[in-house]
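Each chain gets a letter, A, B and so on, in the order the sequences are listed, and its residues count up from 1.
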Amino acid sequence: MWNVDTPETLYFSAENTRYTTENGSFYDLDAIVRCVEEAETIALDTETTGLNKVKCVPLYWSLAFDEVRMTMHADILPLFDNAFRDPNKNWLFANAKFDVHMLSNVGIHLAGKWSDVQVMHALLYEDRPHRLKYIAEHILGWTWADFETQFGKIGKKQSAEDVIRKAENEDFDLLKEYAANDAWGTLLVYRELKRQLEGSFTHSLFSDKPPYINTLWDFFREVERPFTKVLWKMERRGIKVNRKTLEDAEPAAAAEIKQVEKDFVKLVGRPINIRSTPQLCEYFITDQKLEPLKMTGGGKSGDRKPSIDTNFLEHYKDRHQGALLVTRHRELSKLHGTYIVGLSSLMDGADRIHTSFNQDVARTGRLSSSEPNIQNIPRPENDKWNLRGAFITEPGWKVMAADYAQLEMRLLAAAAMEQPMIDIFLRGWDIHCGNAALMFNTPYEDIIGAKKLSKMVDDPDILEQFEAISPGVSERMEVSVAEYIKDCVFYRSAAKNIGFGLNYGMGSAKLANSLKCSREDAQDKINVYKETYPAVSRFFEEAVNEGRNYGYAFTVMGRRRNIPMILSNRRDERALGERLAVNTAIQGSAADVTRMAQINIDHMNWNRTHDVHMLLQVHDELVFEGPEDAVNELKSEVEVLMAHPFSVNLACPMEAEAGIGGSWGEAK
DNA sequence: TGTCCCGGCGCG
DNA sequence: AAAGCGCGCCGGGACA
């Protein structure tokens, strides 16, 4: 039995304007409308024709507030217009953006606050599922059958609308109860989660954490709750895709793929599916006797097979023609399947795609994006069809893309208070060259010069060119210029790989692999980095210690992540916990920074004042569209707002640069 | 025919 | 011996 009170479910529609309760008293709809107008905190859920954000509409909806739970037909939504327009309401949802899309599709907009219990739950219990049914069971010890179990599967045979129509005829009471449960559960869960959030004091490894965040409730109120609305606006607007680019690329890509498949079958001498890793394994390992480099996970059955991945194919590309063909095929079919075909199927009638920005998925506090995932569109250098160029805007308008420069590295420097590294940023240096210069006691200009000249070491006047960039270099060199350039390039590469890798807890084996040097050499370079940046080393240790003491990793704004495995008896689990302690502090803080920038930018109301709209977030990048003049006018303002996300400045400055063009690709 | 898991790989 | 963080999507293959 349920261990929560569930008051009787009221029901209203255009035809049913009076509800008589089991004990004979009754409620009139116009009185209920006034109650809703007076209530401050109201849970709302919709039962809809389907899951499509821009097409589907509510059939039924339910509300819960105070001790009232009720289900209504969608036909009386307009009666509640005063409540919907009230800016002081606090609307509660489970998956808020979806319900607001559904209401928006019938012309209703909610002016008040939108509190999403899934997002609240994710702040406290980021490693658990956040669907309402799970939350209710976890938080209240109460749950009810999910929609499909209750009413039947939604699929090709029957749409969500079909299923609801069927339930209407066959068991209307069940439908009413189900809908009311969703709103009632949302309300009860909200009350308890709010209490828990208020009792969760939080913490930050940054000594200059914004002072107005002391509990997770503060974080929710100041950051997550307003952010839901920002994301909704981005989803709602969508981004325009050039249909023709995709239509032209599709047959071209398909033809190239076919050709590679043919070539491969010819090479192998028998029918073989180039997409099948088991078949490739049989061919390369069993037939061709290539030595495996590493094994796969093995899965449920536990039979580990040699891995035929990029690393393997790269390793054998000069010795075996098949490796090249498979690599080529993988590149082409990835572009074709995931991006060309995948994106085409998700355009709306106006050729716009509306991704979902998921606020309760990534355990670090980052966003994720799905249907489509716009956060993994290929970079132009890996994409002959230039799909980023297919994200366009209207004639006379421009796309503006603004990127943070080395956001995570700057946050590391700020959190660690690593002054020499902060100085590199303050001077506007290339961070990897600067790190290399400090690590290897080499003038910054030498590293810069070597990077510029590495492709032309055979030029006869290479020394003069080097001297022009870095005066005095000829005297400093103790080896030939070609060797010195090679050394400097290696220094930068080592510094860059360590700079990125150490955030993830990369070990010497992996570093040796990417630097193509010995493990001892790699370990030596890591040691040099840690000696060069003692404050960063201390920060890593401190993050791990705090993880052990609190059981959590914390971001700059005080978001936290549970890392119980840091106290595990198993060495590998413990090591994972230690890596997460460091990485979450940095990656999660970067997520905080971008979020705050988005909230602050949204607050400027450029939608109304300039017709400029935020469209996408790709972790450290924001994409906008608007009339050309307006976008030009706001370019530097975007950069300033992104660089100053908090009311206090961190120890290391942040920097963002915006570009403008006819497409996302051009705006970079 | 549908569902799930897995290997593999795109992005930051 | 191993120990690179965070995501979502695709196609193959096993299974129902």
### Task
Can you tell me the distance, in whole Å, between the CD atom of E314(A) and the P atom of dG8(B)?
16 Å
### Message
With rounding to the closest Å, how many angstrom separate the P atoms on dG7(B) and dA3(C)?
### Response
16 Å
### Task
Could you state the atom-to-atom distance from NZ of K305(A) to P of dC5(B) in whole Å?
18 Å
### Message
Using a 6.0 Å distance limit plus a 45 degree cone around the ring axis, check whether R560(A) lies over the aromatic ring of Y552(A).
### Response
yes
### Task
Ignoring hydrogens and angles, state whether a donor on the side chain of S508(A) or R519(A) is under 3.5 Å from an acceptor on the partner side chain.
yes
### Message
Expressed as a whole number of angstroms, how long is the span from L343(A):CG to dC9(C):C1'?
### Response
11 Å
### Task
May I ask you to check whether over 12 heavy atoms, not counting those of R131(A), lie within 6.0 Å of atom CZ?
no
### Message
At less than 4.0 Å, is any side-chain N or O atom of S368(A) found next to OP1 or OP2 of dG8(C)? Yes or no.
### Response
yes
### Interatomic distance, R570(A) CZ vs dA3(C) P [rounded to whole Å]
9 Å
### Summary
Of dG12(C), dG8(B), dC7(C), the nucleotide closest to the side chain of T296(A) is dG8(B)
## Note on the structure
Picking from dG4(C), dG13(C), dG11(C), the nucleotide nearest the side-chain atoms of P278(A) would be dG13(C)
### Query
NA contact type, Q279(A), heavy-atom cut-off 4.0 Å: base, sugar-phosphate, or nothing?
sugar-phosphate
## Note on the structure
note: I340(A), atom CD1; dG10(B), atom C1'; distance rounded to Å ~ 13 Å
### Task
Tell me which nucleotide among dC11(B), dG12(B), dC9(C) gets nearest to the side chain of Y504(A).
dG12(B)
### side-chain N/O N382(A) vs dC11(B) OP1/OP2, d < 4.0 Å
yes
### Message
Base, sugar-phosphate or nothing for R571(A)? Non-hydrogen atoms, less than 4.0 Å.
### Response
base
### Short side-chain N/O contact from T310(A) to OP1 or OP2 of dC9(B), under 4.0 Å
yes
### Query
Any side-chain N or O of R330(A) under 4.0 Å from OP1/OP2 of dC9(B)?
yes
### Spatial distance of atom CZ (R561(A)) from atom CG (N583(A)) [nearest 0.5 Å]
8.0 Å
### Message
Checking D263(A) against Q259(A): is there a side-chain donor and acceptor pair closer than 3.5 Å?
### Response
yes
### Task
Give the nucleotide from the list dG8(B), dA1(C), dG6(C) with an atom nearest to the side chain of R366(A).
dG6(C)
### Ring center gap for F227(A) and F220(A) short of 6.0 angstrom
no
### Query
Quick one: R363(A) CZ to dC5(C) P, roughly how many Å, whole number?
13 Å
### Query
Can you check whether S307(A) has a side-chain N or O nearer than 4.0 Å to OP1 or OP2 of dG7(B)?
no
### Query
Do other residues, nucleotides or ligands put more than 12 heavy atoms under 6.0 Å from the CD atom of E542(A)?
yes
### Query
When the distance from CD of Q617(A) to C1' of dG8(C) is rounded to whole Å, what number comes out?
15 Å
### Message
Counting the atoms with a prime plus P, OP1 and OP2 as sugar-phosphate, which does S369(A) contact under 4.0 Å by heavy atoms, base, sugar-phosphate, or nothing?
### Response
sugar-phosphate
### Query
Nearest to the side chain of H619(A) - dC9(B), dG13(C), dG12(B)?
dG12(B)
### Query
Quick one: R275(A) CZ to dC9(B) C1', roughly how many Å, whole number?
14 Å
### Task
Mind checking L407(A) for me? I need base, sugar-phosphate or nothing, with any heavy atom below 4.0 Å counting as a touch.
nothing
### Task
Look at the side chain of N376(A) and decide which nucleotide, out of dC11(B), dC9(B), dC7(C), has an atom nearest to it.
dC11(B)
### Summary
Under a 4.0 Å heavy-atom cutoff, the residues of residues 572-597 of chain A touching DNA chain C are D572(A), A575(A), L576(A), R579(A), L580(A), N583(A), Q587(A)
### Message
Determine whether a donor-acceptor pair (N or O, by modelled atom type, separation under 3.5 Å) exists between the side chain of S663(A) and the backbone of I392(A).
### Response
no
### Query
Using purine N1 to pyrimidine N3 plus N6-O4 or O6-N4 for Watson-Crick, or N1-O2 and O6-N3 for G-U wobble, both under 3.5 Å, which nucleotide pairs with dG4(C)?
none
### Summary
Against the side chain of A362(A), the closest entry in dC9(B), dC7(C), dC9(C) is dC7(C)
### Query
Out of dG12(C), dG4(C), dC9(B), which has the shortest distance to the side chain of S276(A)?
dG12(C)
### Query
Among dG12(B), dC10(C), dC7(C), which is the nearest nucleotide to the side chain of T338(A)?
dC10(C)
### Task
Looking at every strand, decide which applies to R561(A) at a 4.0 Å heavy-atom threshold: base, sugar-phosphate, or nothing.
sugar-phosphate
### Message
Could you tell me if D592(A) and S589(A) have a donor-acceptor pair between their side chains, going purely by distance under 3.5 Å?
### Response
no
